[in-house]
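Some notes on the structure that comes next.
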Amino acid sequence: MPCDRRQFLTRLAGPAALTMAGGGPALARTAAGPGTPALPPVSETDWDQLAGQFALDREVVNLNHAGVGCCCQAVLAAVERHARDIERLPSYHIFQYGPKLEPIRRELALMIECDPEEVALVRNATEALDAILLGLPLRRGDEIVTTTLDYWAMLDALDQREKRDGVVVRRVRVPVPAHTEEEILGVFAAALTERTKLILVSHPVNLTGQHFPVARLCALAHKRGIQVAVDAAQSFGQFPLSARALDCDYLGTSLHKWLMGPKGTGLLYVKKDLIPGLWPLFPSGQTRAPDDIRKFELIGTAPPVHLALAEAIRFHRAIGPDRIAARLRHLRDLWSGPLRAHERFQFHTSFEPGMSGVIVTVQLRGVDSGDLFQRLFREERIFTYNVARRTGEFQGLRISPGLATTPSELERFTETMLRLARELPSGA
Ligand SMILES: Cc1ncc(COP(=O)(O)O)c(C=O)c1O
């Protein structure tokens, strides 16, 4: 179905959104301020039209939006536009785009409620979090606490730190699923010692979608003089996120996932007074002062994809962060509701209020999740994520619909899973 983006945005968010979509006023002026009236309700037809904004291959049902996000056509067009613009005279134009990033830095700072001078634009969550995990000065014997459920690349960074610098990494096991914040806080608290300098915590855990009580953990850590780095790759854009409210010291996130920005975009937040103490991954001392957040951005020649974040931010804002969060939870409930009622399905994600969002991990009891993944993908054309690739603690498929997912795709998934539960014997 051909999509009229202007018409969609008008219906979805009223005339203000149309101004944003038209690219008229500067981004900063389109920010929803206090007192912004509630956005009008939208219909399934509107959501359907929105789903048509993405370049997805509809032969396959994509239920792995938590892996790599999808960006809308407007973002794709902007990526191409900026690339072409630079190609006119590459070694001149590529150096002109730095200042053009400043409004984007300000917009992202508005979104996560911090000072723009605390926001660096990097290439992905891994780069952001590695800057913290590898850049923090630590002595032999100093300790870092994290969980066995944290993202593999971050665990690799800590492993390297352990081997190279003699830092002690305590990887705690959190119950799967955890139904209360206290269960999670208790596990962390028990691992802290006099030598603990840093906690690395995922906001939602990539393998289960479990939400961790980050604000409470920061308060607990700060009382003991311990800093906290938050892996927000699965939260930023999925639901409203405030660095100020969390009161974390560092935060890293992808921008290609739930913000639906272009691939190759991520954000690093560092509390202002901590910037001078954190080494950048790529030394930049001749160009940037130690207290300049931009010291984390000098990586050599790179594609100008961050410029297209302006379109992604407009798109995200036109829909509305709260509405996105609610829609994603609704999509989760559409498929998980019927499966939760069935005894063959075991959930590794808690459905207690506040303990999860759109990401949920489910296991068909008695069936190897690698086999189930293959069967769904090869035979049923449904793409999920097999968590057993990254953990030996449990098996399951991580299911993460996105705004591009339609209810009928989720119905197809639900019916397929219920049929497989009938067809596949336990122990298959
Ligand atoms: C919790 C978490 N952290 C970090 C990452 C890495 O993100 P990126 O590919 O943007 O580096 C992911 C990716 O799925 C993730 O889920």
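Just the heavy atoms: all of them, side chains too, but no hydrogens, waters or symmetry mates, feed the values below. Bear in mind the structure is a predicted one, so any value in this text is a computation, not a measurement. All ligand and atom numbering here is 1-based and tracks the order in the structure.
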Show me the short polar-atom pairs for ligand 1: any N or O of it lying under 3.5 Å from a protein N or O, with distances only.
unit_1: ligand 1; atom_1: 3 (N); unit_2: Asp231; atom_2: OD1; d: 3.0
unit_1: ligand 1; atom_1: 3 (N); unit_2: Asp231; atom_2: OD2; d: 2.6
unit_1: ligand 1; atom_1: 7 (O); unit_2: Ser254; atom_2: OG; d: 3.4
unit_1: ligand 1; atom_1: 10 (O); unit_2: Ala125; atom_2: N; d: 3.1
unit_1: ligand 1; atom_1: 10 (O); unit_2: Ser254; atom_2: OG; d: 2.8
unit_1: ligand 1; atom_1: 10 (O); unit_2: His256; atom_2: NE2; d: 3.0
unit_1: ligand 1; atom_1: 11 (O); unit_2: Ala125; atom_2: N; d: 3.3
unit_1: ligand 1; atom_1: 11 (O); unit_2: Thr126; atom_2: N; d: 2.8
unit_1: ligand 1; atom_1: 11 (O); unit_2: Thr126; atom_2: OG1; d: 2.5
unit_1: ligand 1; atom_1: 14 (O); unit_2: Lys257; atom_2: NZ; d: 2.7
unit_1: ligand 1; atom_1: 16 (O); unit_2: Gln234; atom_2: NE2; d: 2.7

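Side chain of Lys257 to main chain of His65: no donor-acceptor pair is present (N/O by atom type, distance under 3.5 Å, no hydrogens or angles).
Within the structure, ring-ring contact (aromatic ring centres under 6.0 Å, His included) contacts touching residues 244-289 (residues at least two apart or in different chains) do not occur. Applying the salt bridge (charged side-chain N to carboxylate O under 4.0 Å, His left out) rule to pairs touching residues 396-416 yields Arg58-Glu409, sequence neighbours excluded.
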Side-chain donor-acceptor distances from residues 347-358 under 3.5 Å, at least two apart:
unit_1: His348; atom_1: NE2; unit_2: Gln395; atom_2: O; d: 2.7
unit_1: Thr349; atom_1: OG1; unit_2: Thr208; atom_2: O; d: 2.5
unit_1: Thr349; atom_1: OG1; unit_2: Thr361; atom_2: N; d: 2.9
unit_1: Ser350; atom_1: OG; unit_2: His179; atom_2: ND1; d: 3.1
unit_1: Ser350; atom_1: OG; unit_2: Glu352; atom_2: N; d: 3.1
unit_1: Ser356; atom_1: OG; unit_2: Arg332; atom_2: NH1; d: 3.1
unit_1: Ser356; atom_1: OG; unit_2: Ser350; atom_2: O; d: 2.8

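Aromatic ring centres of Phe239 and His211: separated by under 6.0 Å.
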Intermediate values then yes/no, salt bridge (Lys or Arg N to Asp or Glu O under 4.0 Å), Glu311 and Arg314: CA-CA 5 Å; Glu311 280 295 338; Arg314 281 191 194 103; 3.3 Å; yes
